[in-house]
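Order of the sequence lines sets the chain letters (A, B, ...), proteins ahead of strands, with each chain counted from 1. Given the structure is predicted, the values throughout are model-derived calculations rather than measurements.
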Amino acid sequence: MTGAPTDATERRDDESSARSLNFIEQIVEDDLASGKHGGRVHTRFPPEPNGYLHIGHAKSICLNFGLADKYGGQTNLRFDDTNPVTEDTEYVESIKADVRWLGFEWENEFYASDYFDKLYEFAESLIQKGLAYVDDSTSEEIAAQKGNPAEPGQESPYRNRSIDENLDLFRRMRAGEFPDGAKVLRAKIDMASPNMHFRDPIIYRIKHAHHHRTGDKWCIYPMYDFAHGQSDSIEEITHSVCTLEFIPHRPLYDWFIEKLEIFPSKQYEFARLNLTYTVMSKRKLLQLVNEGHVTGWDDPRMPTISGLRRRGYTPASIREFADRIGIAKRENMIDVGLLEFCIREELNKTTDRVMAVVDENPIKLVITNYPEGQTETLRIENNPEDASAGDREVPFSREVYVERDDFMENPPKKYFRLAPGQMVRLKGAYIVRCDEVVKDADGTVVQLNCTYIPESRSGSDTSGINVKGTIHWVSVPHAKEAEVRLYDRLFTVEDPSGEEGDFKSYINPNSLQVVRAKVEPNLSTRQVGDRVQFMRKGYFTVDPDSTADLLLFNRTVTLKDSWGKEVKKG
RNA sequence: AGCCCGAUAGUAUAAGGGUAGUACGACAGAUUUUGGUUCUGUUUGUCUAGGUUCGAAUCCUGGUCGGGCUACCA
């Protein structure tokens, strides 16, 4: 029982952790305190349906949905589909599946294209106010007019057309009278602004393209800057959260809202996620897929949600990760080790331990004093972290497979595994001593002849012998075959995008190693998506490509390996 | 060059003028039938120069460094 002082301490800790808000939560709480929007919090997650979601999006999803959860608000899922040539329903479906898999449910499913009529009206009203004009300049001419950040731009020769002419031209653009690129609608702001986005930004362009939702209804489409803020406003989004690169767009976001006199949504920006040993841009991920460096968007080496899912990551571990990395404006590079920590932390508590000899070419260990033909069934606990996980039956016999790594003919001092004359415990079974090493013609160790201590059986050990090492094993006559895919980081350098030259030249040639394994027979009952710990090896999940004949396991993450580290240090 | 954003341990992230804290990592030890887990301990930090103040990571000014801005992409 704890006394009053401890309670007080705990309460203070709770309060301080509850008060440790990220800067966006602080803004929300300030708004709540001042009664802004009647205490309403409404966020949105606005993906463009032109690619798959990745862990960086997960950060944004957790932020947006998390804000609404925390403050009793709502979150819309809104597809930012204003560019018909790159967008597709395939992506819409995968995005929805990924958001749901992460554990979030949206209030409304909206599309920027739902607002095309409204947006068109907004554009006309801007023209009526003398704040937009139709420009016949080519894209090269417009780029040239823009000037550069240090020097003011030049006004377009079409800038001072009359309102009536602009209206007529814009309507004819909509009616399809002009080919792609012939004209654009531009906001009339300030060609000398130090903010390049204010130099008469294009707000509508002609694209005779089929849209995944509106079909062929439109041949003019709004640009991001004339769709995003307005969509936020239409949905009465209170806090429109996006990444840093949109900071220069914010004055424009506010300008349109002010001129259109619509609901004053506000934009706030945070720093996107960067992870070591990977790339995060959609463009680069698409390249990896298209050029065959990975097997697809859901390749377990990809930082996509679907890749992580196939790799064996859980939604909770990703949410935990998003929570731990925090939200700030400073650019950051998160150690992928933190992601690995999050999944290990969860899987340690939740997965059954099983034994698998993950070795193309394991060593056969023969127990010379164990009766030939005898088999016994051992009961081994499934999870030392969770008594309720129960135990399982594991067959044991005279011959078992062990890993080549668990034997050394000339071991260093602190090697606790098999070596000539050395004893180890076979996990859940007996202590054995290595008596004789059998090699083939090439001198490769193929078999270890051992003797076992009959009184050392796990659970009823009366031998009094203490051994330092315990190794896993699989009974030879009972072993099942499996294929195991050992994944490693996709890149050899921490920041592939920051290195000289093409990021693809830093791809890790050993990011995937496919190995045969001998596994415990009870593993054959596992289903696709099940997760287990291969004792002493790591956490694995059953891949969807598994067949009735052959189970395929993907390694989610290795166990921490302090011995391996010791060996590396020399 | 102009404008914008940022700068707290190795990496992230708190401290809202009053003891620089937390997590991951690293290191050391204990426990352990997983060299896992767990537990304990150690280590390392406010970019810089001024100013305001009894007191500055925090407010102000200059500088330095890093990032961004000149798509009919979002």
* **Sugar-phosphate or base contact per nucleotide [nucleotides 65-74 of chain B; S, B, -; heavy atom under 4.0 Å]** => --S-SB-BSB

[N] versus [M] - spacing of their [atom1] atoms, nearest Å:
{"N": "B:U43", "M": "B:G10", "atom1": "C1'", "value": "11 Å"}
{"N": "B:U58", "M": "B:G17", "atom1": "P", "value": "12 Å"}
{"N": "B:U8", "M": "B:G45", "atom1": "P", "value": "14 Å"}
{"N": "B:C5", "M": "B:C39", "atom1": "C1'", "value": "44 Å"}
{"N": "B:G68", "M": "B:A12", "atom1": "P", "value": "16 Å"}
{"N": "B:C24", "M": "B:A20", "atom1": "P", "value": "23 Å"}
{"N": "B:U64", "M": "B:G21", "atom1": "C1'", "value": "28 Å"}
{"N": "B:A30", "M": "B:U11", "atom1": "P", "value": "31 Å"}

* Asked: Is there a donor N/O on one and an acceptor N/O on the other, under 3.5 Å, for the side chain of A:Arg536 and the base of B:G35?
  ->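 Not at all, since no donor on one side and acceptor on the other fall under 3.5 Å apart.
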
* To do: Would you state whether a donor and an acceptor, one from the side chain of A:Glu385 and one from the base of B:U38, lie under 3.5 Å apart?
  =>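 Such a pair does not exist between side chain and base.
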
According to the Watson-Crick and G-U wobble definitions, with both distances under 3.5 Å, which nucleotide is paired to [N]?
{"N": "B:G21", "value": "B:U13"}
{"N": "B:A7", "value": "B:U64"}
{"N": "B:U40", "value": "B:A28"}

Of the nucleotides [options], which has the atom closest to the [X] side chain?
{"X": "A:Ile334", "options": "B:C27, B:A14, B:A12", "value": "B:A12"}
{"X": "A:Lys560", "options": "B:G35, B:G36, B:U13", "value": "B:G36"}
{"X": "A:Lys329", "options": "B:U34, B:G16, B:G6", "value": "B:G6"}
{"X": "A:Leu559", "options": "B:U34, B:G25, B:G35", "value": "B:U34"}
{"X": "A:Ile247", "options": "B:A14, B:C4, B:G36", "value": "B:C4"}
{"X": "A:Arg330", "options": "B:U34, B:G25, B:G6", "value": "B:G6"}
{"X": "A:Ser562", "options": "B:U33, B:G25, B:G36", "value": "B:G36"}

* To do: Show your reasoning for whether ring-ring contact (aromatic ring centres under 6.0 Å, His included) applies to A:Tyr133 and A:Tyr158.
  => CA-CA 8 Å; A:Tyr133 61 96; A:Tyr158 304 94; 8.6 Å; no

Assess, by modelled atom type and distance only, whether the side chains of [X] and [Y] contain a donor and an acceptor separated by less than 3.5 Å.
{"X": "A:Tyr52", "Y": "A:Glu90", "value": "yes"}
{"X": "A:Glu346", "Y": "A:Tyr539", "value": "no"}
{"X": "A:Asn195", "Y": "A:Ser193", "value": "no"}
{"X": "A:Tyr253", "Y": "A:Asp232", "value": "yes"}

* Start at the 5' end of RNA chain B and walk down; is the nucleotide closest to A:Glu151 or to A:Phe416 reached first? ->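 Comparing both residues, the 5'-ward one is A:Glu151.
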
* Start at the 5' end of RNA chain B and walk down; is the nucleotide closest to A:Ile327 or to A:Lys537 reached first? ->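 Of the two residues, A:Ile327 wins.
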
Taking only side-chain N and O atoms of [X], does any of them lie within less than 4.0 angstrom of OP1 or OP2 on [N]?
{"X": "A:Arg324", "N": "B:U22", "value": "no"}
{"X": "A:Lys565", "N": "B:A26", "value": "yes"}
{"X": "A:Gln26", "N": "B:A14", "value": "no"}

* Asked: Does the ring of A:Phe178 carry A:Lys183 above it, NZ/CZ under 6.0 angstrom from centre and within 45° of its axis?
  ->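 Cation-pi check for A:Lys183 and A:Phe178: passes.
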
* Asked: A:Phe110 ring centre to A:Arg44 NZ or CZ under 6.0 Å, with the angle to the axis within 45°?
  ->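 Not satisfied by the 6.0 Å and 45° rule.
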
Rounded distance (Å) that lies between atom [atom2] of [N] and atom [atom1] of [X]:
{"X": "A:Lys427", "N": "B:U32", "atom1": "NZ", "atom2": "P", "answer": "13 Å"}
{"X": "A:Phe534", "N": "B:G35", "atom1": "CZ", "atom2": "C1'", "answer": "20 Å"}
{"X": "A:Asp323", "N": "B:C24", "atom1": "CG", "atom2": "P", "answer": "14 Å"}
{"X": "A:Gln533", "N": "B:U34", "atom1": "CD", "atom2": "P", "answer": "11 Å"}

* Asked: Heavy atoms, side chains only, cut-off 4.5 Å: are A:Arg353 and A:Lys427 in contact?
  ->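 Counting from C-beta outward, A:Arg353 and A:Lys427 never come under 4.5 Å.
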
* Asked: Does the side chain of A:Leu339 reach to within under 4.5 Å of the side chain of A:Ile334, using non-hydrogen atoms?
  ->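 No; the side chains remain at least 4.5 Å from each other.
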
Is [X] touching bases, backbone alone, or none of the nucleic acid, heavy atoms closer than 4.0 Å?
{"X": "A:Gly564", "result": "nothing"}
{"X": "A:Arg344", "result": "nothing"}
{"X": "A:Phe226", "result": "nothing"}

